[in-house]
Asks: 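Take a look at this one; I'll ask things after.
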Amino acid sequence: MFNPFRSKPDLIVHSETPYNAEPPLDRLRARMRTAQPDFYVRSHGTIPHLNAATHRLRVGGRVGTPLDLSMAELRQRFPGRSVTAVMQCAGNRRADMQPVRPTSGDPWAPGAIGNAEWTGIALADVLRAAGAETDAALHVAFDACDEVEMPNEGRFTYGASIPMAKAMAPEVLLAFAMNGEPLAPEHGFPLRVVAPGFAGVRSPKWLAAVTVQDRPSNNHMQQRDYKLLPPHVTEDTVDWKQGLTIYDMPLNSAICEPAPHAWLPAGTTTLRGYAVATARAVMRVDVSIDGGRTWQQAELEHDADAPWSWTLWTATVHLPKGEHELAVRAWDSAGQTQPALPDDTWNFKGYLSAAWHRVHVSAG
Ligand SMILES: Nc1nc2c(c(=O)[nH]1)N[C@H]1C(S)=C(S)[C@@H](COP(=O)(O)O)O[C@H]1N2
Ligand SMILES: [Mo]
């Protein structure tokens, strides 16, 4: 039996079955590209053990020529592409929303995110080869191989979809490698979707089928999960049809160092973290040592050739003796910033938690 824990040493494990874990934040912040052992895992069901020699991808639906291709044929027929991009869960930072009111789902800290160089082929090239209709009203649905079991749903295989306009965008890959290594089993070996800028749920791992269709996927993951609902809606009153399907992720940022409740010597301290703007760019990051009453600017580190990558930031601050509430907020290229409080965007699923990230420390 495959043991995901050996390849993922010392992650914070939220659940063993299905396997859900995130890295400690100092390890996450240590590199521009997140190494596989440090990369969070979000699974909803089994972790299939697939054989690359026999795995096949089917492409069908509203296409002129349905395809059924081996991994070798995918590599031979289509030009290789690499894109450095963030993968993040719509539930990243959910733990910050839970003190407002409880939510469903695992209490993710800011570690349900990673930045990797993904290598594979462009989904658009595969759709063109199949002679797919590409009308903007269409959707591209993905079927995976893992089995998910949910109360009231029984067992089903994972699936999700993205709108055609995104599917045809050059950054969307069918990936077989991550940072130059084959995907690990828990990250979707041998083939996964990578839809940069979108919530992770739209990037199915263990990809088996691509279908062009006139509506979003009928899968549970698309229809009755990963939707944003207004604050009065609860698990008992939810009408999923009223929810906003989560595709693009919002502007977000987090303090990765120091850790919450750290004790630090008074004086000069370096704060480190990440910021992510998905389809826009991070233009500025502000940090505060007094809970957001005053701010100073962080230094940004960003790879100009990697627009889907995150931005790492560093700020040197002076901490007097005493208790401090550190805070961070990012600004994007549209001059937008993050909400101040998790109360502003609370929803019962705890999605899109993107308020100023606050960390309490003491200096002495
Ligand atoms: N087949 C399949 N794909 C999946 C999932 C899953 O459970 N099964 N989880 C999704 C979610 S919600 C996220 S956040 C990302 C996580 O990717 P990672 O585990 O490689 O970090 O995978 C997505 N793709
Ligand atoms: Mo997710």
Side-chain angles (χ1 to χ4, degrees), residues 4 7-8 11-15 17-23 28 33-50 55 57 85-94 104-108 110-118 120 141-150 153 155-162 172-179 181-210 217 219-222 224-228 245-247 249 252 276 278 349-353:
S7 60
K8 296 281 178 185
L11 294 201
I12 301 153
V13 178
H14 294 296
S15 141
T17 345
Y19 182 60
N20 287 308
E22 66 182 304
L28 180 66
R33 290 192 189 138
T34 316
Q36 287 203 48
D38 296 336
F39 211 99
Y40 83 101
V41 180
R42 171 65 173 117
S43 48
H44 292 75
T46 54
I47 294 187
H49 236 337
L50 303 177
H55 187 70
L57 178 73
V86 161
M87 180 73 60
Q88 61 178 320
C89 187
N92 188 33
R93 298 193 53 209
R94 176 182 286 132
S104 57
D106 288 330
W108 296 100
I113 187 170
N115 191 47
E117 183 195 46
W118 307 94
F142 306 116
D143 288 303
C145 300
D146 49 328
E147 295 220 318
V148 183
E149 190 152 10
M150 298 229 173
E153 294 280 340
R155 266 175 107 73
F156 61 94
T157 53
Y158 185 101
S161 63
I162 61 176
V172 178
L173 300 186
L174 304 184
F176 26 77
M178 196 172 165
N179 299 328
E181 296 165 6
L183 293 171
E186 63 273 24
H187 292 300
F189 181 85
L191 190 68
R192 80 172 298 171
V193 178
V194 175
F198 274 18
V201 60
R202 310 293 162 219
S203 291
K205 308 188 262 193
W206 313 293
L207 182 68
V210 173
S217 166
N219 198 279
H220 168 90
M221 306 311 306
Q222 190 78 21
R224 287 177 297 286
D225 215 345
Y226 290 94
K227 290 194 180 194
L228 188 66
T245 302
I246 297 170
Y247 291 115
M249 288 295 285
N252 213 336
V276 57
T278 67
K349 292 287 289 187
Y351 290 139
L352 311 187
S353 177

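Residue numbers run from 1 in the order of the sequence given. Counting starts at 1 for both ligands and their atoms, in listed order. All values derive from a computational prediction rather than experimental measurement.
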Asks: Can you see which heavy atom on Pro37 is nearest to which on Leu11, and at what distance?
Replies: O-CD2, 3.6 Å
Asks: So, for Phe176 and Gly120, which heavy atoms are closest and what is the spacing to 0.1 Å?
Replies: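 So the minimum-distance heavy-atom pair works out to CZ-CA, 3.6 Å.
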Asks: Under 4.0 Å from ligand 1, counting heavy atoms only, is it the side chain of Ala144, its backbone, both or neither?
Replies: side chain
Asks: Determine whether Gln88 and Thr278 satisfy the following criterion, side chain to side chain contact (heavy atoms under 4.5 Å, CB included), listing intermediate values before the conclusion.
Replies: CA-CA 10 Å; Gln88 61 178 320; Thr278 67; 3.7 Å; yes
Asks: May I ask you to identify the nearest protein heavy atom to atom 13 (C) of ligand 1, giving residue, atom name and distance to one decimal place in Å?
Replies: Gly200 C, 3.6 Å
Asks: Could you list which atoms of ligand 1 come closer than 4.0 Å to a heavy atom of Ser43?
Replies: 7 (O)
Asks: Does an N or O from Lys205, backbone or side chain, lie closer than 3.5 Å to an N or O of ligand 1?
Replies: yes
Asks: Over 60° means perpendicular and under 30° means parallel, so classify the ring planes of Tyr351 and Tyr226, tilted if in between.
Replies: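 Plane angle under 30°, so parallel.
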Asks: Pick, from Arg42, Glu147, His187, Arg192, the option with the minimum heavy-atom distance to atom 17 (O) of ligand 1.
Replies: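 Looking at heavy atoms only, the winner is Arg192.
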Asks: Hey, does Gln88 come in under 3.5 Å of ligand 1, counting only N/O atoms on both sides?
Replies: no
Asks: Could you tell me whether Tyr226 and ligand 1 have an N or O pair separated by under 3.5 Å?
Replies: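 Looking only at distances, the answer is no, because the N/O contact criterion of under 3.5 Å is not met.
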Asks: Taking 4.0 angstrom as the limit and counting only heavy atoms of Trp206, give me the atoms of ligand 1 inside it, by number and element.
Replies: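 Every atom of ligand 1 under 4.0 Å from some heavy atom of Trp206: 1 (N), 2 (C), 8 (N).
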Asks: Kindly assign one of parallel, tilted or perpendicular to the pair Tyr158 and His44, based on the angle between their ring planes and the thresholds 30° and 60°.
Replies: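 Ring orientation, 0 to 90° scale: tilted.
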Asks: If you measure from each non-hydrogen atom of Ser203 to ligand 1, which part falls under 4.0 Å: side chain, backbone, both or neither?
Replies: backbone
Asks: I want to confirm something. Looking only at heavy atoms, which of Thr157, Val193, Asp146 is nearest to atom 8 (N) of ligand 1?
Replies: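 Residue with the shortest heavy-atom distance to the ligand atom: Asp146.
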Asks: Under 4.0 Å from a heavy atom of Val201: give me the atoms of ligand 1 that qualify, with their elements.
Replies: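 Counting atoms of ligand 1 from 1, those under 4.0 Å from Val201 are 10 (C), 11 (C), 12 (S), 13 (C).
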Asks: Closest heavy-atom contact between Ala90 and Ala199?
Replies: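 Taking Ala90 first and Ala199 second, the nearest heavy atoms are CB-CB, 4.1 Å.
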Asks: Give the residue, atom name and distance (to 0.1 Å) of the protein heavy atom nearest atom 10 (C) of ligand 1.
Replies: Tyr158 OH, 3.3 Å
Asks: Answer with side chain, backbone, both or neither: which part of Tyr40 has a heavy atom less than 4.0 angstrom from an atom of ligand 1?
Replies: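 Both backbone and side chain.
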Asks: Locate the shortest heavy-atom distance separating Leu207 from Arg192; write the atom from each residue and the value.
Replies: CB-CA, 4.4 Å
Asks: Parallel under 30°, tilted from 30 to 60°, perpendicular over 60°: which one fits the rings of Phe198 and Tyr247?
Replies: tilted
Asks: Measure across Pro182 and Gln36 and return the closest heavy-atom pair with its distance rounded to 0.1 Å.
Replies: O-NE2, 3.2 Å
Asks: Could you list which atoms of ligand 1 come closer than 4.0 Å to a heavy atom of Phe39?
Replies: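 Every atom of ligand 1 under 4.0 Å from some heavy atom of Phe39: 21 (O).
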Asks: Could you tell me which atoms of ligand 1, counted from 1 in the order shown, lie closer than 4.0 angstrom to a heavy atom of Val41?
Replies: 19 (O)
Asks: Please report the shortest heavy-atom distance between Val193 and Met87, naming the atom on each side.
Replies: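 For Val193 and Met87, the tightest heavy-atom pair comes out as O-CE, 4.4 Å.
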